[in-house]
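Starting off with a structure, shown below.
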Amino acid sequence: MKISLYIAKRYLFSPGSSNAINIITGIAAMGVVIGALSLFLVLSGFAGLKDFSLRYTSFFDPDLKISPSSGKTLDLTPKDREQLQAIEEIASYAEVVEERVFLEYKNKPKTAYIKGVSESYAQVIAPDSILIYGDWLGKNDFQIVAGNGISRELGMGVERTYTNFLGIYVPKPGKGIPSDASKAFRKQRVVPIGIYSVNEELDAKYVFSTIGMARNLLALSENQVSAIEIKLKNETGESEAVTKLAAIFEDRAIIKNRVQLNETLYRMLNTENLVSYLVITLIAVIALFNVAGAIIMMIIDKKGNIKTLYNLGTSLPELKKIFLYQGLLMTVLGTILGLFLGLILILAQQHYGLLMITPNLAYPTRITPLSFIVVFLTITTIGGVASYLASSRINQKLLR
């Protein structure tokens with residue numbers, strides 16, 4: 001093995017007898033470097049893009065959410081509240097009432113959702129991270145915080161003088177069509193005191209209010225909630241918290257974590273990442289089979305040396321190992337160089353914003369140990385297979 005490895009090193013780093021052989025070997029080595037570099041850039045780019053996309057869910061979505069398993073509301077008894085407060089893994093929880101409503105501001109209509117939240121909601125999410133103008137909810141039941149999309153569509157800003165009111169309408173339950181349309185809805189006039197922004201979809205969907213106002217508007221009792229949103233003390237305690245919550249609510253409720261709440265988004269990001277990885281890997285396969293071509297050309301170039309070694313007693317498997325090791329060395333060194341260059345480019349992107357999405361937003365990237373491992377294993381495996389196939393060309397027929 002030592003002799004095979006030594007000769008492989010000499011063949012790799014010493015120039016061949018022909019310029020064509022040197023050029024082919026150089027192109028093969030460059031293919032390995034570019035393949036590793038490209039794959040590392042793609043994985044780092046998608047890791048950053050995933051973080052960027054999911055960052056907004058951490059602003060808005062709780063660690064855990066309890067929803068009714070059937071119907072629109074869940075009965076939360078005083079005993080349930082006591083048991084929730086007794087769970088050690090829970091840092092805070094908020095009661096939520098949510099329903100589709102009709103909005104009207106200065107004769108401009110819009111449909112949206114009202115989200116009534118208890119005072120502890122500010123401990124479940126960080127309102128300061130989504131609030132872009134005005135103030136968050138206080139104890140006043142006649143104040144709301146609207147999404148930026150709703151604000152723009154209705155031409156509604158933050159009211160400081162309480163001269164313009166937002167009308168919130170919700171249909172009364174019942175059958176048939178009432179003769180007086182004004183009696184078909186419950187109505188509440190409120191004042192917008194803040195504007196929030198998360199993403200385009202959520203900005204055009206929700207109006208936040210106190211849970212008291214939402215219950216009043218929807219004629220719900222103090223024990224009825226649409227959901228319970230929970231913040232955990234530590235993410236590692238999620239499974240224990242879920243187990244305890246399941247014991248409290250049994251089959252009355254469905255418990256979801258943040259990943260399950262954004263299942264479609266996670267699936268889409270993971271699918272895009274996988275497809276991109278497979279495409280770049282396919283390109284790398286094509287590029288890395290240049291290694292096989294370079295080794296075959298080297299075998300032809302060193303045919304006389306191979307015969308000499310064989311006549312001196314070197315076995316056929318040992319001769320094959322020389323060129324197998326040569327291909328593996330080329331692949332490993334090329335991969336390391338490609339990873340090093342990729343690391344420099346990603347660090348430059350993070351510090352200097354080489355690629356910009358907008359004038360003020362650089363393309364997000366994230367360096368992870370997994371990216372290094374995946375790239376190294378992928379490229380060296382493909383290079384190893386190519387080297388093995390090329391070295392197998394050494395046989396008795398060649399040595400005659």
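Owing to the predicted nature of the structure, the values given are computational and were not obtained by experimental measurement.
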Problem set entry | Polar contact flag, side-chain donor to acceptor under 3.5 angstrom, Asn270-Lys50 | yes
Exercise. With hydrophobic residues grouped by side-chain heavy-atom distances under 4.5 Å, do Val97 and Val117 end up in a single group?
Worked result: no
For this session: Locate the shortest heavy-atom distance separating Ala390 from Ile296; write the atom from each residue and the value.
Result: CB-CG1, 4.0 Å
Problem set entry | Side-chain touch Val225/Val96, heavy atoms, less than 4.5 angstrom | no
Exercise. With a 4.5 Å heavy-atom cut-off, do Leu269 and Asn273 have their side chains touching?
Worked result: no
Exercise. Is Tyr196 reaching over with its side chain to a backbone N or O of Leu202, donor-acceptor style, under 3.5 angstrom?
Worked result: yes
Problem set entry | Glu240, CD: over 12 other non-hydrogen atoms inside 6.0 angstrom | yes
For this session: Assess whether atom CZ of Phe372 is packed by more than 12 heavy atoms of other residues, nucleotides or ligands within 6.0 Å.
Result: yes
Problem set entry | NZ/NE/NH1/NH2 to OD/OE distance under 4.0 Å, Asp51 and Arg366 | yes
Exercise. Any side-chain heavy atom of Leu131 sitting closer than 4.5 Å to one from Ile195?
Worked result: no
For this session: Identify the two heavy atoms, one from Leu103 and one from Ala112, that lie closest to each other, and give their separation to 0.1 Å.
Result: CD1-CB, 3.7 Å
For this session: Flag the pair Leu337 / Leu333 as yes when at least one side-chain heavy-atom distance between them is below 4.5 Å, and no otherwise.
Result: no
Exercise. Would you call Lys233-Glu89 a salt bridge at under 4.0 Å N-O?
Worked result: no
Exercise. Same cluster or not: are Ile114 and Phe142 linked, directly or through other Ile, Leu, Val, Met, Phe, Trp or Tyr residues, by side-chain heavy atoms under 4.5 angstrom apart?
Worked result: no
For this session: Test side-chain contact (heavy atoms from CB on, under 4.5 Å) on Val32 and Ile379 and set out the steps.
Result: CA-CA 7 Å; Val32 177; Ile379 300 300; 4.0 Å; yes
For this session: Might you point out which heavy atoms bring Ala214 and Ser209 nearest each other, and give the distance in Å?
Result: CB-OG, 3.9 Å
Problem set entry | Interatomic distance, Ile24 atom CD1 to Asn290 atom CG [nearest 0.5 angstrom] | 9.5 Å
Seminar exercise, completed: Rounded to the nearest 0.5 angstrom, the CD1-CG distance for Ile90 and Leu64 is 7.5 Å
Problem set entry | Crowding at OH, Tyr133 (>12 non-hydrogen neighbours, <6.0 Å) | no
Exercise. Does the ring center of Tyr206 lie less than 6.0 Å from the ring center of Phe60?
Worked result: yes
For this session: Look only at the side chain of Ser371 and the backbone of Ile367, and say whether a donor-acceptor pair between them is shorter than 3.5 Å.
Result: no
Exercise. Is there side-chain contact between Phe46 and Val42, with at least one heavy-atom pair below 4.5 Å?
Worked result: yes
Seminar exercise, completed: All heavy atoms of Ser391 vs all of Leu324, minimum pair found to be CB-N, 3.8 Å
Problem set entry | Main-chain N/O of Val198 paired to Asp203 side chain as donor or acceptor, under 3.5 Å | yes
For this session: Determine, stepwise, if the pair Val207 / Val101 fulfils side-chain contact (heavy atoms from CB on, under 4.5 Å).
Result: CA-CA 9 Å; Val207 168; Val101 294; 6.0 Å; no
Exercise. Is it true that a side-chain atom of Ser38 and a backbone atom of Gly35 form a donor plus acceptor pair closer than 3.5 Å?
Worked result: no
Exercise. Do the charged groups of Lys321 and Glu318 touch, with an N to O distance under 4.0 Å?
Worked result: yes
Exercise. Should Met30 and Val291 be counted in the same cluster of Ile, Leu, Val, Met, Phe, Trp and Tyr side chains packed under 4.5 Å apart?
Worked result: no
Exercise. Checking Ser69 side chain against Asp251 main chain: does a donor-acceptor pair fall under 3.5 Å?
Worked result: yes
Exercise. For Gln123 and Tyr93, does a side-chain donor sit closer than 3.5 Å to a side-chain acceptor?
Worked result: no
Exercise. Rounded to the nearest 0.5 Å, how far apart are CD1 of Ile322 and CD1 of Ile295?
Worked result: 12.0 Å
Exercise. So, Glu104 and Tyr169: side-chain donor and acceptor under 3.5 Å apart, yes or no?
Worked result: yes
Problem set entry | Donor on one side chain, acceptor on other, Glu238 and Asn257, under 3.5 Å | yes
For this session: Indicate if Ile228 and Leu218 have the same hydrophobic cluster label, given that clusters are the connected sets of ILVMFWY residues with side-chain heavy-atom separations under 4.5 angstrom.
Result: no
For this session: To the nearest 0.5 Å, tell me how far Met213 CE sits from Asp141 CG.
Result: 7.5 Å
Exercise. Where do Pro109 and Asn107 come nearest, in terms of heavy atoms and distance?
Worked result: CD-O, 3.6 Å
For this session: Would you give the length of the straight line joining atom CG of Leu43 to atom OG1 of Thr368, rounded to the nearest 0.5 angstrom?
Result: 7.5 Å
For this session: Take Arg81 and Asn223, measure what side-chain contact (heavy atoms from CB on, under 4.5 Å) needs, and give me the verdict at the end.
Result: CA-CA 10 Å; Arg81 291 187 174 96; Asn223 290 335; 3.2 Å; yes
Exercise. Are any non-hydrogen side-chain atoms of Leu328 and Thr380 less than 4.5 angstrom apart?
Worked result: no
Exercise. Are any of the side-chain nitrogens in Arg215 or Glu95 under 4.0 Å away from the carboxylate oxygens of its partner?
Worked result: yes
Problem set entry | Rounded distance [0.5 Å steps], CD1 in Ile255 versus NZ in Lys244 | 13.0 Å
Exercise. Looking only at heavy atoms, which two atoms of Phe208 and Leu137 are closest? And how far apart?
Worked result: O-CD2, 3.9 Å
Exercise. Hey, does Val191 have a side-chain heavy atom less than 4.5 Å from the side chain of Phe165?
Worked result: yes
Problem set entry | Modelled atom types, side-chain donor and acceptor of Ser151 and Asn148, under 3.5 Å | no
For this session: Give the C-alpha distance, both sets of side-chain angles, the deciding distance and a yes or no for side-chain contact (heavy atoms from CB on, under 4.5 Å) between Ile382 and Thr281.
Result: CA-CA 9 Å; Ile382 297 170; Thr281 300; 3.9 Å; yes
Exercise. Do the side-chain N and O atoms of Arg267 and Asn262 include a donor-acceptor pair separated by under 3.5 angstrom?
Worked result: no
Seminar exercise, completed: Checking Leu76, Ile66, Asp80 against Arg252 for side-chain contact (heavy atoms from CB on, under 4.5 Å), the one that qualifies is Asp80
Problem set entry | Residues, nucleotides or ligands: over 12 heavy atoms within 6.0 Å of Lys256 NZ | no
Exercise. Side chains of Arg189 and Lys187: does their closest heavy-atom pair fall under 4.5 Å?
Worked result: yes
Exercise. With no hydrogens and no angle check, is any side-chain donor or acceptor of Asp135 less than 3.5 Å from a backbone partner on Ile193?
Worked result: no
Problem set entry | Within one Ile-Leu-Val-Met-Phe-Trp-Tyr cluster: Phe102 and Leu217, side-chain cutoff 4.5 Å | no
Exercise. Counting heavy atoms not belonging to Glu201, are there more than 12 under 6.0 Å from its CD?
Worked result: no
Problem set entry | Geometric class of the Tyr121/Trp136 ring pair [parallel <30°, tilted 30-60°, perpendicular >60°] | parallel
